[in-house]
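Data first, discussion second: the structure below is written as structure tokens.
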Amino acid sequence: MKLSNYFLPVLKETPADAEIISHKFMLRAGMISQSSSGIYSWLPLGLRVLKKIENIVREEQNAAGVNEILMPTIQPADIWKESGRYDDYGKEMLRINDRQDREMLYGPTNEEQVADIFRRSIKSYKELPSLLYHIQWKFRDELRPRFGVMRGREFLMKDAYSFDLDEDTSRVSYNKFFVCYLKTFERLGLRAIPIAAETGPIGGDMSHEFVIISETGESDIFYDKRILDLLDVDQELDYTKDLRSIVSSYQALYAAADDKYSKDEFEKKVPIEFQNNSKGIEVGHIFNFSTKYSEPMKANVLNSNGKAVSVHMGSYGIGISRLVGAIIEASHDENGIIWPEAVAPFTVGLVNLKSRDTEAIAVCENIYNTLNQAGIEVLYDDKDDSPGAKFSRMDLIGLPKQIIFGNNSLKDQMIEIKDRKTSHTEKVKISDLAGKLITSK
RNA sequence: CGGGGCGUAGCGCAGUCUGGUAGCGCACCUGGUUUGGGACCAGGGGGUCGCAAGUUCGAAUCUUGCCGCCCCGACCA
């Protein structure tokens, strides 16, 4: 993509509305544009990141054997009345009436909807487990939206649902998602810690929040530092195998949010040198709620005795739009964003500092075409701005690699590759550039 | 929803106390000179001062009502 042809409204000054780093940078880098409180339009650069994250999440869900579906944003009130949540869910739920005055709502989540889909189709225990997910926009009319995309009212979420015959088998599904989440966050370049979460009225130990450590986090977490060393799920995962050992290696180490934190337990279980307390951003939540929805909604299957039983359900969320902000919170410096390569909107930024020199333009065009053909995503700054303006804009938008065509590049046929994160710069022959970038990928 | 703050050009702000018909920086347009860390000179365009009503000879400024946005708190991916 050529910058001269790209819709990238970067701002030199920070809009007064933004408070936290990720919000400021997202606005300044032209990633989003606020529509109203907690509701944003996604501009090209932001959308590319959102899609990258979405695709990684999708690939990992598929790898775990979860089926992708797409449920509507607008749901009928009826199914929510069935589950009993129509009255329980407060003003956070946006309720609307259609032209026939039927009660509808903009979905804040999809347990009812998916249970309805399930019960229409699945009748036998032989078809279990059943795993479904979708990636869809949700709306929760938050009391107070804030922090830009991190706590919007409208947000993009991956939510998955499991259906199993009983508690034992639903634990197998739960573990599957647990491990899948570890893998997913790792691919996103994040270190997400699974922490024991409140299970509410259901009880039990089957609820975890996945939290990334960040100053701006909204939850206060206490954990055993050694859990960070476990966060390396590099190996190919075989989801057909028993995943209990992986899950229990995490559960063995203390990690809890303040609402579940017990000082005594923490100090007893964690040697003092491993005790850590910090703020975190919740980016995922997995939850098993047994028959809470299946029972009132009559989502039953026949078991091997021919008896109708309520299925055991779980739900598993990842806040995709929130992750865009969370990644920035976890990866930036004073000059701007530093994208992990996996989610970067472009892999490299090609900067032509000699943007008025026809010869330089010709060489840069050639480099641009070569990189594109090599399958490298490149944003080519072909604009006629001063070097300082180009550098600071490139730093702001945070592409992992900057390729700089400068004063001497024509003469010596060398070009600089600068690493956005480390600022490490190396000169390579222009003819070697594409090969160099491909191997470093 | 309680507490606090803000709303003046695309963005950041001054002007409001003390009423006299709107200004600065950046951005934008034109011409010229510049090009390794947000260039310079000259010229130029752009604002129903959030909306409405009121007070007044006269309102960005005073009064009342409404709307929007941000921050802190209680709740949430």
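In what follows, chains carry the letters A, B, and so on, assigned in the order in which the sequence lines appear, proteins first and then strands, with residues in each chain numbered from 1.
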Between the protein and nucleotides 1-9 of chain B, which nitrogen or oxygen pairs are less than 3.5 angstrom apart?
none

When the [atom1] atoms of [M] and [N] are compared, how many Å lie between them, rounded to an integer?
N	M	atom1	result
B/C62	B/G2	C1'	29 Å
B/U48	B/G10	P	9 Å
B/G25	B/G44	P	14 Å
B/G3	B/C24	C1'	34 Å
B/C41	B/G36	C1'	23 Å
B/C71	B/U64	P	27 Å
B/C17	B/A60	C1'	14 Å
B/G12	B/C70	P	13 Å

Would you indicate what [X] reaches in the nucleic acid, counting non-hydrogen atoms under 4.0 angstrom: base, sugar-phosphate, or nothing?
X	result
A/S355	nothing
A/D159	nothing
A/E416	base
A/G148	nothing
A/G406	base
A/T14	sugar-phosphate

N-O pairing of A/D333 and A/R420 below 4.0 Å: yes
State whether [X] places a side-chain N or O below 4.0 Å from either non-bridging phosphate oxygen (OP1 or OP2) of [N].
X	N	result
A/S386	B/U35	no
A/Q34	B/C70	yes
A/S37	B/C70	yes
A/R140	B/C75	no

Applying the Watson-Crick and G-U wobble criteria at under 3.5 Å, what pairs with [N]? Answer none if nothing qualifies.
N	value
B/U18	none
B/C24	B/G12
B/C49	none
B/U30	B/A42
B/C69	B/G5
B/A74	none

Under 3.5 Å, is there any donor-acceptor pair linking the side chain of A/R28 to the base of B/G38? yes
Using a distance-only criterion (donor-acceptor N/O pair, under 3.5 Å, no hydrogens), is the base of B/G38 paired with the side chain of A/D385? no
Sub-3.5 Å pairs of nitrogen or oxygen atoms, protein against nucleotides 24-27 of chain B:
unit_1	atom_1	unit_2	atom_2	d
B/G25	N2	A/E13	OE1	2.8

Between [options], which nucleotide gets closest to the side-chain atoms of [X]?
X	options	value
A/F147	B/C69, B/C71, B/G36	B/C71
A/D17	B/G36, B/C70, B/A77	B/C70
A/R322	B/G73, B/G38, B/C76	B/C76
A/E218	B/U35, B/C76, B/C70	B/C76
A/L353	B/G38, B/G36, B/C76	B/G36
A/A16	B/G12, B/G37, B/G73	B/G12

Taking C-beta and beyond as the side chain, do [X] and [Y] meet within less than 4.5 Å on heavy atoms?
X	Y	value
A/E68	A/L132	no
A/N352	A/Y380	yes
A/I122	A/V311	no
A/R95	A/Y106	no

Rounded to the Å, how far apart are [X] [atom1] and [N] [atom2]?
X	N	atom1	atom2	result
A/I361	B/U35	CD1	P	16 Å
A/N352	B/G37	CG	P	16 Å
A/N110	B/A77	CG	C1'	13 Å
A/K383	B/C28	NZ	P	8 Å
A/N407	B/G37	CG	C1'	13 Å
A/H285	B/C75	NE2	C1'	14 Å

Residue whose nearest RNA chain B nucleotide is more 5′ - A/P15 or A/I20: A/P15
Comparing nearest nucleotides in RNA chain B, the 5'-proximal residue of the pair A/F155, A/E19 is A/E19
B/G36 base stacked by A/F391 (centroids within less than 5.5 Å, tilt under 30°):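 Answer is no, no stack.
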In residues 140-155 of chain A, what donor-acceptor pairs under 3.5 Å come from side-chain atoms, sequence neighbours left out?
unit_1	atom_1	unit_2	atom_2	d
A/R140	NE	A/P108	O	2.9
A/R140	NH2	A/P108	O	2.8
A/D141	OD1	A/R153	NH1	2.9
A/R151	NE	A/E218	OE2	3.4
A/R151	NH2	A/E218	OE1	2.4
A/R153	NE	A/S37	O	2.8
A/R153	NH2	A/S37	O	3.1

Determine the minimum heavy-atom distance between A/V343 and A/I53, stating which atoms define it.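 So the minimum-distance heavy-atom pair works out to CG1-CG1, 3.7 Å.
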Does any N or O in the side chain of A/S331 come within less than 3.5 Å of the main-chain N or O of A/I328, such that one atom is a donor and the other an acceptor?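 Looks like no, no N/O pair under 3.5 Å.
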Checking side-chain contact (heavy atoms from CB on, under 4.5 Å) between A/M31 and each of A/V49, A/L47, A/L43, which is the one that passes? A/V49
So, for A/Y261 and A/Y223, is the gap between ring centers shorter than 6.0 Å? no
Output every pair passing side chain to side chain donor-acceptor pair (under 3.5 Å) with a member in residues 316-326 of chain A, not counting sequence neighbours, ordered by first then second residue. A/S162-A/Y316
Applying salt bridge (charged side-chain N to carboxylate O under 4.0 Å, His left out), which residue pairs with at least one partner in residues 110-119 of chain A are found, sequence neighbours left out?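 Pairs touching residues 110-119 of chain A that pass the test: A/E82-A/R119, A/R85-A/E111, A/R85-A/E112, A/D116-A/R119, A/D116-A/R120.
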Residue list, ring pair (Phe, Tyr, Trp, His ring centres under 6.0 Å) with A/F25, at least two apart or on another chain: none
